[in-house]
Amino acid sequence: MKRSFQVIALLCVILCLTACLSEKEVKTVEQVKQDFFAMNTGISITAYGDNSETALTAAEESVKELEKLWSATDSSSEIYKINHSGGQAITVSDETSSLLSFALDMADKTEGALEPTIYPVLLAWGFTTEKNRVPDEDELQRLLQNVGYGKVTLSGNEVRIPAEMELDLGAVGKGYTGDILTGILKDAGITSALINLGGNIQAIGTKPDGSDWRLGLRDPFGEGNVGVIEVSDMAVVTSGNYERYFIGEDGREYGHIINPATGYPVNNGLASVTVIAKEGKMCDTLSTSLFVMGADEAVNYWQQNQDFDMILITDDKEIYLTEGIKDKFSLSGNFNLKVLTA
Ligand code: AMP
Ligand code: MG
């Protein structure tokens, strides 16, 4: 009798110890958050587990280095050097050459909806200088003569563009940066993290408790969200003219995503496009180019490629989402939901 009492007491101690240990384990999943401003936007990275602090410091340094390479306005950047090369070949870093190579491939694949040489047109609308104005048709037509990704030559690390041409990798750079940061964090052994580059989201693994990350899908017509997307190990990127626009003297809204066919800001009935895929660079290029294409062409593109999911929000408050994301999206706003099937 005495012996069995001792066994029970011992079991209790062991149980208590295990419970205490696992409680301690949950508590010690360290959360480190780093917020900073770079690439013209607020950046926030949250990582969990050992090594997070060192990994986040390395991540921030990397963003600042990439920004130095790709800024269109910083006179020491590689993009600036290409833009002011007067038609001469410029040797660039591996990062710039691989970003440009990807952008040119996607420009081709999207038949020029993504146009990495749109910069002079963007400048005419005042988007980088914030001196917004509405250019006239003649000016736009003149500028469009020097727009065309087909005239960019990239051979290894050498880039050459015509003297009048200028590059802008603003539609691709943040997504690509997300991929590079994901590599840095994973190499440091991080298995749970969320990278937010001004709304370009990259989720590494799941939340520390094993559940999906819950991301709000921004309402393009106002503050707040239209719903929640649940993902793990995915990038989620949204494009829309609501993100940056100005109101002209004519009272109309002009947004920062330009239709390269006309030189005018996109105005095709789409309010936003969200792309969900493994790679941030893919999401970033596609969200911009599908926004340029408009709903019908975007649906065609998805049906032909299907290596990503997308959520389109129209000006008529309809939401089209591809079947792969349907069970991962919950609607909270007053919208009409339609599922796209292959
Ligand atoms: P995103 O926010 O990724 O959709 O990218 C929009 C940014 O890409 C703009 O602020 C411009 O710098 C640039 N941009 C605008 N229109 C285009 C276009 N048709 N193709 C490529 N880049 C564009
Ligand atoms: Mg983009």
Side-chain angles (χ1 to χ4, degrees), residues 39-43 67 70-74 77 79-80 83 99-100 102-130 132 135 140 143-144 146-150 152 165-179 196-202 218 220 235-246 254-268 270-277 279-294 297-298 301 308 310-313:
M39 297 188 165
N40 253 332
T41 193
I43 296 181
E67 178 183 29
W70 300 337
S71 162
T73 48
D74 176 349
S77 84
I79 294 301
Y80 190 94
N83 289 350
L99 173 64
L100 185 57
F102 180 74
L104 294 173
D105 281 353
M106 290 304 289
D108 214 25
K109 229 179 147 198
T110 61
E111 295 176 357
L114 185 84
E115 179 45 89
T117 68
I118 200 72
Y119 196 55
V121 177
L122 203 78
L123 275 178
W125 289 94
F127 278 111
T128 44
T129 54
E130 304 311 329
N132 295 120
L140 289 175
L143 292 171
L144 281 174
N146 296 310
V147 169
Y149 66 93
V152 179
M165 186 173 264
E166 290 190 74
L167 300 178
D168 170 18
L169 299 177
V172 205
K174 286 202 276 289
Y176 194 75
T177 302
D179 293 330
N196 183 348
L197 298 142
N200 286 240
I201 309 282
Q202 196 114 9
R218 176 73 202 270
V236 181
V237 177
T238 301
S239 287
N241 268 338
Y242 70 92
E243 292 176 312
R244 206 181 315 154
Y245 66 92
F246 72 95
Y254 296 98
H256 69 131
I257 302 177
I258 309 289
N259 180 352
T262 63
Y264 281 85
V266 169
N267 181 9
N268 59 16
L270 274 182
S272 76
V273 173
T274 299
V275 175
I276 303 113
E279 288 186 307
K281 64 179 179 184
M282 184 62 104
C283 292
D284 202 358
T285 44
L286 282 181
S287 64
T288 311
S289 26
L290 298 174
F291 186 75
V292 171
M293 288 180 198
E297 256 189 76
Y301 188 94
F308 63 95
M310 66 179 186
I311 305 177
L312 311 178
I313 305 185

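Counting starts at 1 for both ligands and their atoms, in listed order. Any value given below was found using the heavy atoms of this structure, including those in side chains, with hydrogens, waters and symmetry copies removed.
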Colleague: Among all protein heavy atoms, pick out the one at the shortest distance from atom 20 (N) of ligand 1; state its residue, atom name and that distance to 0.1 Å.
Modeller: Glu115 N, 2.9 Å
Colleague: Show the numbers, then the answer: is there a side-chain contact (heavy atoms from CB on, under 4.5 Å) between Leu286 and Tyr301?
Modeller: CA-CA 10 Å; Leu286 282 181; Tyr301 188 94; 3.5 Å; yes
Colleague: Which protein non-hydrogen atom lies closest to atom 22 (N) of ligand 1, naming both residue and atom, and how far is it?
Modeller: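 Here the closest protein heavy atom is Ala171 CB, 3.4 Å.
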Colleague: Taking atom CD1 of Ile258 and atom CG of Leu143, what is their separation to the nearest 0.5 Å?
Modeller: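 Separation between the atoms: 11.0 Å.
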Colleague: What is the nearest protein non-hydrogen atom to atom 2 (O) of ligand 1, stated with its residue, atom name and distance?
Modeller: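 So the nearest neighbour among protein heavy atoms is His256 CE1, 3.7 Å.
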Colleague: Who's the nearest protein heavy-atom neighbour of atom 13 (C) of ligand 1, and how far?
Modeller: Asp168 OD2, 3.3 Å
Colleague: N/O of Asp284 under 3.5 Å from N/O of ligand 1, yes or no?
Modeller: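 N/O-N/O distance below 3.5 Å exists for this pair.
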Colleague: How many angstroms lie between atom CE of Met293 and atom CG of Asn259, to the nearest 0.5 angstrom?
Modeller: 11.0 Å
Colleague: At under 4.0 Å between heavy atoms, which part of Pro260 makes contact with ligand 1: side chain, backbone, both or neither?
Modeller: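 It is the side chain that gets close, since no backbone atom is under 4.0 Å.
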Colleague: Tell me, which protein residue and heavy-atom name are nearest atom 1 (P) of ligand 1, and how many Å apart are they?
Modeller: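 The closest heavy atom on the protein side is Thr288 OG1, 3.3 Å.
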Colleague: Pick, from Thr41, Val273, Asn40, Ile118, the option with the minimum heavy-atom distance to atom 23 (C) of ligand 1.
Modeller: Ile118
Colleague: Got a sec: is Ala171 within less than 2.8 Å of the Mg ion (ligand 2) via an N/O/S atom?
Modeller: yes
Colleague: Where the Mg ion (ligand 2) is the centre, what is the OG1-to-O angle for Thr288 and Asp284, rounded to 10°?
Modeller: 90°
Colleague: State whether the shortest distance between N or O atoms of Ala113 and N or O atoms of ligand 1 falls below 3.5 angstrom.
Modeller: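 It does: an N or O of Ala113 is found under 3.5 Å from an N or O of ligand 1.
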Colleague: Give the atoms of ligand 1, by number and element, whose distance to some non-hydrogen atom of Leu114 is under 4.0 Å.
Modeller: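 Here the atoms of ligand 1 in question are 20 (N), 21 (C).
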Colleague: Measuring from Met310:CE to Ile276:CD1, what's the distance to the nearest 0.5 Å?
Modeller: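 Answer for the CE-CD1 pair, Met310 versus Ile276, is 10.0 Å.
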Colleague: Would you say ligand 1 has an N or O under 3.5 Å from any N or O of Val172?
Modeller: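 N/O-N/O distance under 3.5 Å: no.
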Colleague: Pair Val147, Glu115 - check side-chain contact (heavy atoms from CB on, under 4.5 Å), show working.
Modeller: CA-CA 8 Å; Val147 169; Glu115 179 45 89; 3.4 Å; yes
Colleague: Compare Leu122, Thr285, Ile258 and give the one whose heavy atom is closest to atom 19 (N) of ligand 1.
Modeller: Ile258
Colleague: Does the side-chain contact (heavy atoms from CB on, under 4.5 Å) test come out yes or no for Thr285 and Lys109, once each step is laid out?
Modeller: CA-CA 11 Å; Thr285 44; Lys109 229 179 147 198; over 6 Å; no
Colleague: In terms of ring plane angle, is the pair Trp125 and Tyr264 parallel, tilted or perpendicular, where the classes change at 30° and 60°?
Modeller: perpendicular
Colleague: Within ligand 1, which atoms have a heavy atom of Ser239 less than 4.0 Å away?
Modeller: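 Taking each heavy atom of Ser239 in turn, ligand 1 has 1 (P), 3 (O), 4 (O) under 4.0 Å.
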Colleague: Quick one: pull up CG in Asp105 and CG in Leu114 and give me the separation to the nearest 0.5 Å.
Modeller: 11.0 Å
Colleague: Evaluate the criterion side-chain contact (heavy atoms from CB on, under 4.5 Å) for residue pair Ser287 and Asp284; output intermediate values, then yes/no.
Modeller: CA-CA 5 Å; Ser287 64; Asp284 202 358; 4.3 Å; yes
Colleague: Would you say the side chains of Tyr80 and Asp74 form a donor-acceptor pair under 3.5 Å?
Modeller: no
